[in-house]
Amino acid sequence: IESKEGDELGISEVKFVTAAPGEDVPVPDGFVMSDTDLCKMLPDAAGGEGEEKKEGGGESCYMCVKKAPVGGDEPLLVDLAVVYAEDGFDMGAGYVTEKLPTSACEAFASPIFVCTKVQGAGKLAADKLAEEAAKNAEMAIEKELEEDDSIMSEDRSVEEIDLETDLTKEEMLGLEQE
């Protein structure tokens, strides 16, 4: 995508807007609206482009996109997924999950979600998961140390415990049997 000034543009945000029959579609500031009413398109069972919906009169739903310069300050979308799922679905992994408006879901007879990811969101999500895993591991170790009275007594720390490291195989098997 190129701007009038010749700058290369990408998509930074996606929104879905609706309007009742005969009303103007409210396009958010800074966004460009698509020409296709999602509520009037049916998927073609043969895998084609689809066909105009025969019945009409219901609410319209349009996709709007916000464009931003590539390499600018505003992060751009790097992925977009359309998912048919149950209510409450969340893609996770750095994606922002948004359910399509009711009119579009009704037109396709299913809850539909659009999941978008911006530059850097995957790394942030991975970092957050790693941080949570480290905290969970630390809590598990602390809990195990607290519960294991056979290794530590109340008056001794881990550093004070002398571990026997030169046992023979037979001595180790004998300890396991005890």
Side-chain angles (χ1 to χ4, degrees), residues 1-140:
I1 304 172
E2 283 191 20
S3 69
K4 291 178 184 174
E5 295 81 31
D7 295 331
E8 189 176 353
L9 298 176
I11 296 174
S12 62
E13 195 174 346
V14 175
K15 288 188 178 188
F16 294 88
V17 294
T18 60
E23 291 184 3
D24 289 335
V25 180
V27 179
D29 287 340
F31 284 76
V32 177
M33 185 178 78
S34 71
D35 294 334
T36 304
D37 179 355
L38 299 176
C39 294
K40 292 189 177 163
M41 295 299 295
L42 288 174
D44 182 359
E49 291 183 18
E51 59 185 56
E52 286 266 344
K53 192 172 186 178
K54 304 294 186 265
E55 66 271 7
E59 192 173 62
S60 299
C61 178
Y62 293 89
M63 179 174 76
C64 298
V65 296
K66 184 177 182 184
K67 299 175 186 177
V70 172
D73 293 336
E74 193 167 355
L76 300 176
L77 295 183
V78 293
D79 200 4
L80 183 142
V82 177
V83 180
Y84 292 80
E86 297 297 320
D87 282 330
F89 172 77
D90 183 20
M91 181 81 105
Y95 283 85
V96 172
T97 303
E98 180 183 352
K99 185 176 178 184
L100 285 184
T102 302
S103 57
C105 292
E106 287 175 355
F108 286 88
S110 174
I112 302 173
F113 298 84
V114 173
C115 309
T116 56
K117 185 187 284 189
V118 296
Q119 293 169 325
K123 181 182 179 337
L124 293 174
D127 289 348
K128 183 178 177 184
L129 286 173
E131 185 178 319
E132 288 176 16
K135 284 181 184 178
N136 289 341
E138 181 181 6
M139 289 189 313

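Please read these numbers as outputs of a predicted model, since none were measured by experiment.
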Hey, could you give me the [atom1]/[atom2] distance between [X] and [Y], rounded to the nearest 0.5 Å?
{"X": "K67", "Y": "I11", "atom1": "NZ", "atom2": "CD1", "value": "7.5 Å"}
{"X": "L100", "Y": "M63", "atom1": "CG", "atom2": "CE", "value": "10.0 Å"}
{"X": "K117", "Y": "L80", "atom1": "NZ", "atom2": "CG", "value": "12.0 Å"}

Q: Please list, chain by chain and in numerical order, all residues satisfying side chain to side chain contact (heavy atoms under 4.5 Å, CB included) with V27, sequence neighbours excluded.
A: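 For V27, the residues satisfying side chain to side chain contact (heavy atoms under 4.5 Å, CB included) (neighbours in sequence not counted) are F31, M33, C64.
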Q: With sequence neighbours left out, write down each residue that passes side chain to side chain contact (heavy atoms under 4.5 Å, CB included) with S60, or none if nothing qualifies.
A: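 Checked S60 against side chain to side chain contact (heavy atoms under 4.5 Å, CB included); matches are D37, Y62.
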Q | Steps toward side-chain contact (heavy atoms from CB on, under 4.5 Å) verdict (E74, K66) | A | CA-CA 11 Å; E74 193 167 355; K66 184 177 182 184; 3.6 Å; yes
Q) Side-chain contact, heavy-atom cut-off 4.5 Å: F16 with L38? A)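 The answer is yes, as the side chains (C-beta and beyond) meet within the 4.5 Å cut-off.
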Q) Considering residues at least two apart in sequence or located in another chain, which fulfil the ring pair (Phe, Tyr, Trp, His ring centres under 6.0 Å) criterion with F89? A)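 So F89 forms a ring pair (Phe, Tyr, Trp, His ring centres under 6.0 Å) with F113.
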Q: Can you tell me which residue pairs pass the salt bridge (Lys or Arg N to Asp or Glu O under 4.0 Å) test with a partner in residues 84-100, sequence neighbours excluded?
A: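 Output for this query lists D87-K99.
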(Q) The criterion is side-chain hydrogen bond (donor to acceptor under 3.5 Å, both in side chains); which residues satisfy it with T116, sequence neighbours excluded? (A)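 Listed in chain order: nothing, the list is empty.
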Minimum heavy-atom distance between [X] and [Y], given as atom pair plus value:
{"X": "P26", "Y": "T18", "answer": "CD-O, 3.4 Å"}
{"X": "A19", "Y": "D24", "answer": "CB-O, 3.8 Å"}
{"X": "A104", "Y": "I112", "answer": "O-CD1, 4.4 Å"}
{"X": "M91", "Y": "T97", "answer": "N-OG1, 2.9 Å"}
{"X": "V118", "Y": "L77", "answer": "CG1-CD2, 3.6 Å"}

Q: List for me each residue that meets salt bridge (charged side-chain N to carboxylate O under 4.0 Å, His left out) alongside E131, sequence neighbours excluded, and say none if there are none.
A: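 Counting only residues at least two positions away or on another chain, E131 forms a salt bridge (charged side-chain N to carboxylate O under 4.0 Å, His left out) with K135.
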Q: Examine distances only and state if a side-chain atom of S103 and a backbone atom of C61 form a donor-acceptor pair shorter than 3.5 Å.
A: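 No; judged by distance alone, with no hydrogens or angles, the pair does not exist.
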